[in-house]
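Let me begin by presenting the structure, written as structure tokens, before commenting on it.
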Amino acid sequence: MILLFYLAAMVAVISTLCVVLQSNIVHALIYLILSLLAVAVMFYVLGAPFAAVLEAIVYAGAIMVLFLFVIMMLNLGQSSREQENAWLAPRIWIAPVIMAAILLTQLINVMSQYDHALTPNTVGVLEVSALLFGPYVLAVELASILLLAGLVSAYHLAKK
Amino acid sequence: MQAIPTEHGLIVAGILFTLGLIGVLTRRNIVFVLMSLEIMLNASGLAFIVAGARWGHAEGQVMFIMILTLAAAEVAVGLGLIIQMYRRYHTVDLNVLNQMKG
């Protein structure tokens with residue numbers, strides 16, 4: 001079970017690295033779907049099965065498919081791949097990688113001071129639903145208003 | 001059950017977040033920038049789930065549901081904007097968006 005966590009973490013990190021380094025858009029999207037499914041496996045090992053299923057269904061299944069629809073609609077073609085390779089010259093990676101490496105070092109430094117291990121007890125749908133209908137019902141209502149706003153603006157922006 | 005160190009989960013979330021950050025900073029295609037933003041949002045969701053699992057509360061998953069909702073609304077609006085940009089400029093290069101009106 002614990003080995004599964006580290007395997008899924010490795011798959012997620014490697015496929016995310018492939019997303020950032022790809023030049024073909026559709027390949028990058030498929031790698032991103034793989035990364036999201038690996039993170040869903042990590043959620044399951046951490047004792048959050050509801051979040052794992054939600055990640056697989058909503059994030060990898062709806063949001064990434066929306067991305068695919070729009071990319072197919074834009075119909076970019078083969079010339080975009082050579083253009084993408086031309087844009088990814090090696091020298092543009094230097095400064096962002098250095099700055100991000102400094103940030104990552106600081107993050108790891110801060111997080112390594114935590115020396116408590118977590119025992120993954122399963123927190124199932126019942127506890128999450130009790131919270132969503134109980135103390136956090138206002139957050140659910142606000143999330144629905146946010147989705148309504150997203151719907152109206154997406155309709156309006158995609159019109160001719 | 002055996003134990004996973006909390007910091008390992010948080011470090012994985014940090015690595016994923018940093019990879020998304022590199023993608024946002026480096027890429028010139030606007031669709032790739034939006035994908036890298038999704039990577040960052042997913043990494044922060046992972047951090048919330050790890051934190052919720054460490055204390056055994058369900059609030060981590062509740063916060064993850066909120067982040068998921070936010071990401072869905074943001075992707076819808078962002079893709080609508082990409083469609084508008086492509087109709088107007090016929091390219092997905094970010095650098096055509098370098099002027100404000102007036």
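Note that these values count all heavy atoms, side chains included, but never hydrogens, waters or copies made by symmetry. Protein chains get the first letters and strands the later ones, always in sequence-line order, with residue 1 at the start of each.
- The closest side-chain heavy-atom distance from Met99(A) to Ile22(B) is not below 4.5 Å.
- Taking chain A as the reference chain and counting heavy-atom pairs below 4.5 Å, the highest number among Ile39(B), Leu46(B), Thr69(B), Asn42(B) is found for Asn42(B).
- Leu107(A) touches chain B through its side chain: at least one heavy atom from C-beta onward sits under 4.5 Å away, while N, CA, C and O do not.
- Contact annotation for Leu103(A): only side-chain heavy atoms (C-beta onward) come within less than 4.5 Å of a heavy atom of chain B.
- Each of Val20(A), Leu17(A), Leu32(A) has some count of heavy-atom pairs under 4.5 Å with chain B, and the biggest count is that of Val20(A).
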**Study point:** Check against side chain to side chain contact (heavy atoms under 4.5 Å, CB included), Leu4(A) and Met42(A)
**Key:** CA-CA 8 Å; Leu4(A) 186 60; Met42(A) 285 170 73; over 6 Å; no

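- Using a 4.5 Å cut-off between heavy atoms, Val24(B) does not touch chain A at all.
- Neither the backbone nor the side chain of Met10(A) comes within contact range of chain B, judged by heavy atoms closer than 4.5 Å.
- In this structure a side-chain-to-backbone donor-acceptor pair under 3.5 Å is present from Arg87(B) to Ala158(A).
- For Leu29(A), the parts lying under 4.5 angstrom from a heavy atom of chain B are both the backbone and the side chain.
- Heavy-atom distances place both the backbone and the side chain of Phe50(A) under 4.5 Å from chain B.
- Put simply, the side chain of Tyr59(A) gets close to the backbone of Glu38(B): a donor and an acceptor are under 3.5 Å apart.
- Ranked by heavy-atom pairs shorter than 4.5 Å toward chain A, the options Val92(B), Leu68(B), Ile15(B) are led by Leu68(B).
- Residues Leu34(A) and Val19(A) are not in side-chain contact: their nearest non-hydrogen atoms beyond the backbone lie 4.5 Å or more apart.
- The candidate from Ala95(A), Ala28(A), Gly124(A) with the greatest count of non-hydrogen atom pairs under 4.5 Å with chain B is Ala28(A).
- Both Met1(A) and Val12(B) are part of a single hydrophobic cluster, where members link through side-chain heavy atoms under 4.5 Å apart.
- Counting heavy atoms from C-beta outward, Val128(A) and Val125(A) have side chains that stay 4.5 Å or more apart.
- Proximity to chain B (any heavy atom under 4.5 Å) is shown, for Phe67(A), by both the backbone and the side chain.
- If you measure heavy-atom distances from Arg28(B) to chain A, the contacts under 4.5 Å come from both the backbone and the side chain.
- With a 4.5 angstrom heavy-atom cutoff, Leu21(B) touches chain A only via side-chain atoms.
- Ser36(B) has its side chain out of reach of Leu19(B): every pair of non-hydrogen atoms, C-beta onward, lies at least 4.5 Å apart.
- Chosen from Tyr155(A), Tyr136(A), Phe69(A), the residue pairing most often with chain B at heavy-atom distances under 4.5 Å is Tyr136(A).
- Among the candidates Ser153(A), Gly150(A), Ala139(A), the residue making the largest number of heavy-atom pairs closer than 4.5 Å to chain B is Ala139(A).
- In this structure, the side chains of Ile83(B) and Leu157(A) stay at 4.5 Å or more apart for every pair of heavy atoms.
- With chain B as partner, the option from Val123(A), Val97(A), Val13(A), Leu148(A) having the largest number of non-hydrogen pairs under 4.5 angstrom is Val123(A).
- Residue contact with chain B, scored on non-hydrogen atoms closer than 4.5 Å, involves the backbone and the side chain of Leu46(A) alike.
- Side chain of Ser15(A) to backbone of Ala12(A): a donor-acceptor contact under 3.5 angstrom is found.
- For Met66(B), the part sitting under 4.5 Å from any heavy atom of chain A is the side chain, from C-beta outward, and nothing else.
- In this structure, the portion of Tyr6(A) lying under 4.5 Å from any heavy atom of chain B is its side chain and not its backbone.
- The neighbour count for Phe5(A) CZ, taken as heavy atoms of other residues, nucleotides or ligands under 6.0 Å away, is above 12.
- Looking only at side-chain heavy atoms (C-beta outward), Glu74(B) and Leu41(B) come within less than 4.5 Å of each other.
- In this structure, chain B has a heavy atom under 4.5 Å from the side chain of Val58(A), while its backbone stays farther away.
- The CD1 atom of Ile25(A) sits 8.0 Å away from the CG atom of Leu74(A) when rounded to the nearest 0.5 Å.
- Of all the listed residues (Met35(B), His57(B), Arg27(B), Glu59(B)), the one sharing the greatest number of non-hydrogen pairs under 4.5 Å with chain A is Arg27(B).
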